[in-house]
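These notes concern the structure reproduced below.
Heavy atoms only: backbone and side chains are in, while hydrogens, waters and symmetry mates are out.
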Amino acid sequence: MKTQGFMLLIGIILGWAGPSLAQLEVSKIPETIELKEKDGGCLDGSPWSSSSLSEKGKVQVLFYVDPDEKDANTKFEDELKVKADDEGYEFDSVAVINMAATWKPNWIISSILEGKQKKFPDTLYLKDLKKVLVSKWSLKDDAYNVVIFDKSGKVVFLKSGVLSAEEMESAYSTIKENM
């Protein structure tokens with residue numbers, strides 16, 4: 001009887017740990033996730049699905065950002081904009097804000113995001129209210145994550161934290177090669 005109880009406990013633990021063990025892997029299409037209702041979504045309240053990352057047939061650059069770390073990769077963002085404007089790089093960008101990673105009130109962050117959406121209409125801004133991408137894709141919490149997807153939705157670049165000069169060059173090359 002003790003063995004059955006122990007095995008049940010192990011099964012429960014593994015069942016709970018299973019989803020959190022999923023993670024993004026380079027060269028693989030990740031598990032589809034949705035941000036909707038209490039989990040977050042688009043600024044207008046509509047749901048968002050990661051399946052949309054492969055629907056447009058374009059390279060997608062996804063930024064998953066703790067609002068307290070928003071300036072961690074400013075140089076990368078600025079250079080990426082120049083490459084898009086001046087060098088013809090073609091990609092879509094998605095900025096997912098990890099709203100649960102900060103002490104700042106959601107209404108203030110939402111207001112800032114609405115302003116950014118107007119200023120940068122080509123970037124899709126999303127709210128992750130419950131750290132869904134942390135738990136489902138194992139993106140680093142309380143950090144600035146950059147994920148690049150190819151046209152088919154496969155992960156081709158992944159970095160958490162501040163990108164070094166070499167990592168920025170690798171990201172730019174990855175985008176160019178996959179356009």
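- Cluster membership for Ile175 and Val155, using ILVMFWY side-chain heavy atoms within less than 4.5 angstrom, is not shared.
- Listed here is the closest heavy atom pair of Ser54 and Ser152: CB-O, 3.2 Å.
- Note on residues 161-179: pairs passing salt bridge (charged side-chain N to carboxylate O under 4.0 Å, His left out), not counting sequence neighbours, are Lys159-Glu167.
- The distance from the CG atom of Leu80 to the CG atom of Asp85 is 9.5 Å, given to the nearest 0.5 Å.
- Between Glu55 atom CD and Gln60 atom CD the span is 9.5 Å, to the nearest 0.5 Å.
- Contact record, Glu90 with Val59: O-CB, 4.1 Å, taken as the closest heavy-atom pair.
- If you chain together hydrophobic residues whose side chains sit under 4.5 Å apart, Leu139 and Val162 never meet in one group.
- A cation-pi arrangement is absent between Lys116 and Tyr125, since the terminal nitrogen or guanidinium carbon is not both under 6.0 Å from the aromatic centre and inside a 45° cone about the axis.
- The shortest heavy-atom contact between Lys58 and Asp92 is NZ-OD1, 3.2 Å.
- When all heavy atoms of Met99 and Ser110 are compared, the closest pair comes out as CE-OG, 3.8 Å.
- For Phe63, there are no ring pair (Phe, Tyr, Trp, His ring centres under 6.0 Å) partners two or more places apart in sequence or in a different chain.
- Here Thr174 contributes atom OG1 and Leu158 contributes atom CG; the two are 11.5 Å apart, rounded to the nearest 0.5 Å.
- Within 6.0 Å of NZ on Lys104 lie more than 12 heavy atoms contributed by other residues, nucleotides or ligands.
- Note on Asp66 versus Lys140: no salt bridge recorded, every NZ/NE/NH1/NH2 to OD/OE distance being 4.0 Å or above.
- Put simply, Leu62 and Phe91 are part of two different groups of oily side chains (I, L, V, M, F, W, Y) that touch within less than 4.5 Å, one to the next.
- Of the possible polar contacts, none joining the Thr102 side chain to the Asp68 backbone as a donor-acceptor pair under 3.5 Å is found.
- Using a 4.5 Å cut-off on side-chain heavy atoms (C-beta onward), Glu34 and Asp39 make no contact.
- Interatomic distance, Leu43 CG to Leu126 CG, rounded to the nearest 0.5 Å: 7.0 Å.
- Taking every heavy atom of both residues into account, Asp142 and Glu69 meet most closely at O-CG, 3.8 Å.
- Separation of atoms OH (Tyr144) and CD (Glu77) is listed at 3.0 Å; rounding is to 0.5 Å.
- Considering only heavy atoms from C-beta on, Trp48 comes within 4.5 Å of Leu53 through its side chain.
- Ser50 places a side-chain heavy atom less than 4.5 Å from the side chain of Trp137.
- Checked options Asp128, Asn145, Asp141; the residue passing with Asn98 is Asp141 (criterion: side chain to side chain donor-acceptor pair (under 3.5 Å)).
- The backbone N or O of Thr123 sits less than 3.5 Å from a side-chain atom of Gln117, completing a donor-acceptor pair.
- Residues Val61 and Leu24 are members of separate hydrophobic clusters, defined by side-chain heavy-atom contacts under 4.5 angstrom among Ile, Leu, Val, Met, Phe, Trp and Tyr.
- Linking ILVMFWY side-chain heavy atoms closer than 4.5 Å, directly or via other members, places Val147 and Tyr172 in two distinct hydrophobic clusters.
- With a 4.5 Å cut-off on side-chain heavy atoms, Leu35 and Leu133 count as touching.
- Side-chain atoms of Asn73 come within 3.5 Å of backbone N or O of Leu163 as a donor-acceptor pair.
- Scanning all heavy atoms of the two residues, the minimum distance from Pro67 to Ile97 falls at CG-CG2, 3.6 Å.
- Asn178 contributes atom CG, which lies 10.5 Å from atom OG of Ser173 (distance to the nearest 0.5 angstrom).
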